[in-house]
Q: 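Attaching a single structure in structure tokens format; questions to follow.
Residue numbers count from 1 along this sequence.
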Amino acid sequence: RFETELAVRPDDIDLYQHVHSTRYLDYVLAARFDQMERCYGMGMKEFARLGLGWYMKSATIHYRRPLGLGDRMIVRTWIAEIFDDAVRVGFEIDRLDNRKRVCEGETDYTLVTLADGRATPIPAHVRAKYGI
């Protein structure tokens, strides 16, 4: 499980003065981009160089408490399962100041070729890097 620290941005706030529900997936995506490069040693630029990309197939989020303006968070993600052409990524978001859980969930990503957008098997060298 890898961690990335992020902060709530002013444009993340909705009319109810807390982070809009859709922004939590943005935080997970930002953390994954950071962790793919920093922790797995193969970031999105390398996938694009190989003509590959990840398509989000589904996402499930269980909200526990809101984040507000000025809050900092820890976004923790991990590979929960690897399939032939997809991965399931688990995640948790905790407030930094009190370590209370904000939400948790999982997302499913399918590996696709950028040229045609079709699912493609995950290459062995990618499995080796992400099979931590």
Q: If you count the non-hydrogen atoms of other residues, nucleotides and ligands that lie under 6.0 Å from CZ in Arg118, is the total more than 12?
A: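 No - once you tally the heavy atoms of other residues, nucleotides and ligands closer than 6.0 Å, there are 12 at most.
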Q: Is there a path of hydrophobic side-chain contacts, each under 4.5 Å between heavy atoms of I/L/V/M/F/W/Y residues, joining Ile61 to Ile74?
A: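 No, no single cluster joins them.
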Q: If you apply the rule salt bridge (Lys or Arg N to Asp or Glu O under 4.0 Å), what do you find for Lys45 with Glu37, and how did you get there?
A: CA-CA 9 Å; Lys45 286 182 183 179; Glu37 182 73 34; over 6 Å; no
Q: Indicate yes or no: at least one non-hydrogen side-chain atom of Met73 is less than 4.5 angstrom from one of Val102.
A: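 No, side chains not in contact.
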Q: Could you walk me through whether Arg72 and Glu5 pass side-chain contact (heavy atoms from CB on, under 4.5 Å), step by step?
A: CA-CA 7 Å; Arg72 297 193 67 76; Glu5 184 178 326; 2.8 Å; yes
Q: Under 3.5 Å, side chain of Arg65 to main-chain N/O of Arg101, donor-acceptor pair present?
A: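 Answer holds: yes.
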Q: Would you call Arg64 and Glu104 a salt bridge, taking side-chain N to carboxylate O under 4.0 Å as the test?
A: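 Glu104 and Arg64: salt-bridged.
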Q: Of Ile82, Leu111, Val126, which meets side-chain contact (heavy atoms from CB on, under 4.5 Å) against Val87?
A: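 Only one option passes, and that is Ile82.
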Q: Using a distance-only test with no angle check, is there a side-chain donor-acceptor pair under 3.5 angstrom linking Asp85 and Thr110?
A: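 Side-chain D/A pair, Asp85 to Thr110: absent.
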Q: Can Leu114 be reached from Trp54 by stepping across I, L, V, M, F, W or Y side chains whose heavy atoms are under 4.5 Å apart?
A: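 No, it is not one cluster - the side chains of Trp54 and Leu114 are not joined through contacts under 4.5 Å.
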Q: Salt bridge check: are Arg76 and Asp94 linked by an N-O gap of less than 4.0 Å?
A: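 Salt bridge between Arg76 and Asp94, a charged N being under 4.0 Å from a carboxylate O: yes.
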Q: Distance from Leu25 atom CG to Leu29 atom CG, nearest 0.5 Å?
A: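 The CG atom of Leu29 is 8.5 Å from CG of Leu25, to the nearest 0.5 Å.
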Q: So Ile122 and Phe83, side-chain contact (heavy atoms from CB on, under 4.5 Å) or not? Walk me through it.
A: CA-CA 8 Å; Ile122 299 173; Phe83 305 99; over 6 Å; no
Q: Just so I know, are the side chains of Cys103 and Phe91 near enough to count as touching, which here means a heavy-atom distance under 4.5 Å?
A: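 Counting from C-beta outward, Cys103 and Phe91 do come under 4.5 Å.
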Q: Shortest non-hydrogen contact from Ala59 to Thr107?
A: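 Result for this residue pair: CB-CG2, 3.7 Å.
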Q: Indicate yes or no: at least one non-hydrogen side-chain atom of Leu52 is less than 4.5 angstrom from one of Thr120.
A: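 Side chain of Leu52 against side chain of Thr120, heavy atoms only: contact under 4.5 Å found.
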Q: When rounded to the nearest 0.5 angstrom, what distance separates CG in Asp71 from CD1 in Ile93?
A: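 Rounded to the nearest 0.5 Å, the CG-CD1 separation comes out at 12.0 Å.
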Q: Is there side-chain contact between Leu50 and His125, with at least one heavy-atom pair below 4.5 Å?
A: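 Yes, side chains in contact.
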Q: Quick check for you: to the nearest 0.5 Å, what is the distance between Glu106 atom CD and Glu81 atom CD?
A: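 Output value for this atom pair is 8.0 Å.
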Q: More than 12 heavy atoms of other residues, nucleotides or ligands under 6.0 Å from CG of Asp11: yes or no?
A: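 Result for CG/Asp11: enclosed.
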Q: Just wondering, do Val19 and Asp14 contact through their side chains at under 4.5 Å, heavy atoms?
A: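 In short, these two side chains do not touch, never coming nearer than 4.5 Å.
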Q: Should Trp78 and Met36 be counted in the same cluster of Ile, Leu, Val, Met, Phe, Trp and Tyr side chains packed under 4.5 Å apart?
A: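 No: no chain of side-chain contacts under 4.5 Å links Trp78 to Met36.
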Q: Same hydrophobic cluster for Tyr27 and Leu69, using side-chain heavy-atom links shorter than 4.5 Å among ILVMFWY?
A: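 The answer is yes; both residues are in one hydrophobic cluster.
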Q: With no hydrogens and no angle check, do the side chains of Arg32 and Thr77 hold a donor and an acceptor under 3.5 Å apart?
A: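 Result is yes, a qualifying pair exists.
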Q: Going by side chain to side chain contact (heavy atoms under 4.5 Å, CB included), name the residues that satisfy it together with Asn98, two or more places apart in sequence or in a different chain.
A: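 With neighbours one apart ignored, the set is Arg95, Lys100.
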Q: So, Tyr63 side chain and Ser21 main chain: donor-acceptor pair closer than 3.5 Å or not?
A: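 Checked: pair present.
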Q: Is the distance between the ring centroids of Phe2 and Tyr40 under 6.0 Å?
A: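 Between Phe2 and Tyr40, the centre distance is under 6.0 Å.
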Q: Indicate if Met44 and Tyr109 have the same hydrophobic cluster label, given that clusters are the connected sets of ILVMFWY residues with side-chain heavy-atom separations under 4.5 angstrom.
A: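 Looking at the clustering, Tyr109 is in the same group as Met44.
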